[in-house]
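Each remark here refers to the structure printed beneath this line.
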Number of protein chains: 2
Amino acid sequence: MTGYTRQKHVLIAVDCIIFGFDGNSMQQLLIRRSFEPAKGKWSLMGGFVQHDEDLPVAAARILKTLTGLEGVYLEQLGAFGRPDRDPKERTVSIAYFALIDINQYKLQLSNDYQAAWFDLQETPRLIFDHDEMVKQAKDRLRYKAAIHPILFELLPARFTIPQLQQLYEAVYETTFDKRNFSRKILSTGLLVKQKEKDKETSKKGAYYYKLDKRRYQEKFHSFLNFISDPGKLK
Amino acid sequence: MTGYTRQKHVLIAVDCIIFGFDGNSMQQLLIRRSFEPAKGKWSLMGGFVQHDEDLPVAAARILKTLTGLEGVYLEQLGAFGRPDRDPKERTVSIAYFALIDINQYKLQLSNDYQAAWFDLQETPRLIFDHDEMVKQAKDRLRYKAAIHPILFELLPARFTIPQLQQLYEAVYETTFDKRNFSRKILSTGLLVKQKEKDKETSKKGAYYYKLDKRRYQEKFHSFLNFISDPGKLK
DNA sequence: TCAAAAGTGTTAGTTCTACACCCATGC
DNA sequence: GCATGGGTGTAGAACTAACACTTTTGA
């Protein structure tokens, strides 16, 4: 089998925007790039797509390499291909964004990548076009979370409504009325109230909830209107 | 400048899903592939990304080559990279979808591509993973058009409300109440009523409208809720 | 004069927003 | 007993969905 002649071949990379929520603010996981060019600079976690490897598989592999996690939410953001985006050699990068439960992330024993979490408000300048990828990923996250119950991916299996509200407020950089918020969230029928309370953050304690997994899968793609017009905010 | 060693290089292609609306139903423009493999089979219009060419530029070039049109709506759908998607050689394709005014499309003099419009309901089997791309593009179009005033791109500069409704009904494969429909559309403030009527399709004639371009640009990214839950339809 | 498509208004139900007080508990 | 955060209800406004009749005019 011979290839297409006269066509220039390029490298395909995958870069991952990894979001987490620490209970207060949105964070992203960045690494210090370990090879030239731009060695030592802050960067998204990425890697080249291997021979015979599909793109989502590459993204999952790269995510697992850094975080040790599997089976997390991963969505393709899009392809970035400016000819000069990587000064060394033309490389088209397919960006994916991941939503992980930050508590599940344990610093991998050999921290080859010098990974660190950064508050989304205070991220350092990143290499190449990674800043643009992050911006697009943030926009996409807001867009999607306004309509679909996607942010649960950032929380542990058990969570409280105040925690959830804190998360939405962090994502949209605004505040919501807690009465309206809990009504809206509960009206989706996605949550199951638990018997136990979280007594960590308040004296009274807040009830834990879990996702109703079946309804979650069923309703994942419905338009649920969590935020009426996210573009209007801020 | 030397490249990254030990990495396998691949080809990057762009494929375009080109949507049009003929007044009745949604159509897409397909070509007969002019080279091996799969020569003579129906296919999306595509091409390889050239050296020093950015991805959106490649998509616009490919679209122009086939349709002669420039400055049309073009949005990246995503990257498709299954290792065996092109049997000849590994090629990652970045799919774009375009919305064009079908009346603007004139068969190019040298119809090198043997292009033809197909009703979206009756498209032939396409090569490689192009069927999957088309399916995703249809889904994306429905998704996006439910929230953003994107479908105007498919109509000429002057159009009537019944035409517009026909378009929405074609996209969502359903029918809408015309009173509610026109109220919702007009309430966006995006349309400017013209003095003339279209007397082609009815005796009484329907008023032409044009887009208010400034408001269109302003509101393009707001959440306008044209269709309340498109997932529920069908 | 009739057939065909355009245009328009009202009502009931639902959803959204704004807003304030009581509850449980640890200190 | 008081400070802290959790939990809940209501009323007015806005929006949505369902529904029918009149207008225009070419044939």
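Just so it is clear: chains get the letters A, B, ... in the order the sequence lines come, proteins before strands, and each one is counted from 1.
- When rounded to the nearest whole Å, the span between CG of B:Leu186 and P of C:dT8 equals 8 Å.
- Distances shown here put a side-chain N or O of B:Ser228 below 4.0 Å from the OP1 or OP2 atom of D:dA17.
- Between B:Phe223 and B:His148, the distance separating the two ring centers is shorter than 6.0 angstrom.
- Listed by residue number, the members of residues 158-165 of chain A with any heavy atom below 4.0 angstrom from DNA chain D are A:Pro162.
- Here the P atom of nucleotide C:dA5 and the CG atom of B:Asn24 are 12 Å apart, to the nearest Å.
- Atom P of nucleotide D:dC15 and atom CZ of B:Phe223 are separated by 17 Å, given to the nearest angstrom.
- Per the geometry, CG belonging to A:Asn225 stands 13 Å off P belonging to D:dC15, to the nearest Å.
- Aromatic pair A:Phe128/A:Phe80: centroids not less than 6.0 angstrom apart.
- Comment: B:Glu173 engages B:Arg142 in a salt bridge, judged by a side-chain N to carboxylate O separation of less than 4.0 angstrom.
- When the P atom of D:dG6 is taken as reference, atom OH of A:Tyr209 falls 12 Å away, rounded to whole Å.
- Within a 6.0 Å radius of NZ in B:Lys213, no more than 12 heavy atoms belonging to other residues, nucleotides or ligands are found.
- Within 6.0 Å of atom NZ in A:Lys41, 12 or fewer heavy atoms from other residues, nucleotides or ligands are found, so the atom counts as exposed in its surroundings.
- The closest side-chain donor-acceptor pair between A:Asp198 and A:Thr160, if any, does not fall under 3.5 angstrom.
- Using the six-membered ring where Trp is involved, B:Trp42 and B:Phe118 have ring planes that are perpendicular, over 60° apart on the 30 and 60° scheme.
- Straight-line distance from the CZ atom of B:Phe181 to the P atom of C:dT8: 15 Å, rounded to whole Å.
- When the P atom of C:dG7 is taken as reference, atom CD of B:Gln194 falls 13 Å away, rounded to whole Å.
- Remark: the B:Asp101 side chain and the B:Asn103 side chain contain an N/O donor-acceptor pair separated by less than 3.5 Å.
- Among the protein residues, A:Ser187 comes within range of no part of the nucleic acid, since none of its heavy atoms lies under 4.0 Å from any strand.
- More than 12 heavy atoms of other shown residues, nucleotides or ligands fall within 6.0 angstrom of atom CZ in B:Arg61.
- Remark: C1' of D:dG7 and CZ of A:Phe176 are 19 Å apart, rounded to the nearest angstrom.
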The contact string for nucleotides 18-27 of chain C, one letter per nucleotide 5' to 3', using protein heavy atoms under 4.0 Å with B, S and - for base, sugar-phosphate only and none, comes out as BBB--BBBS-
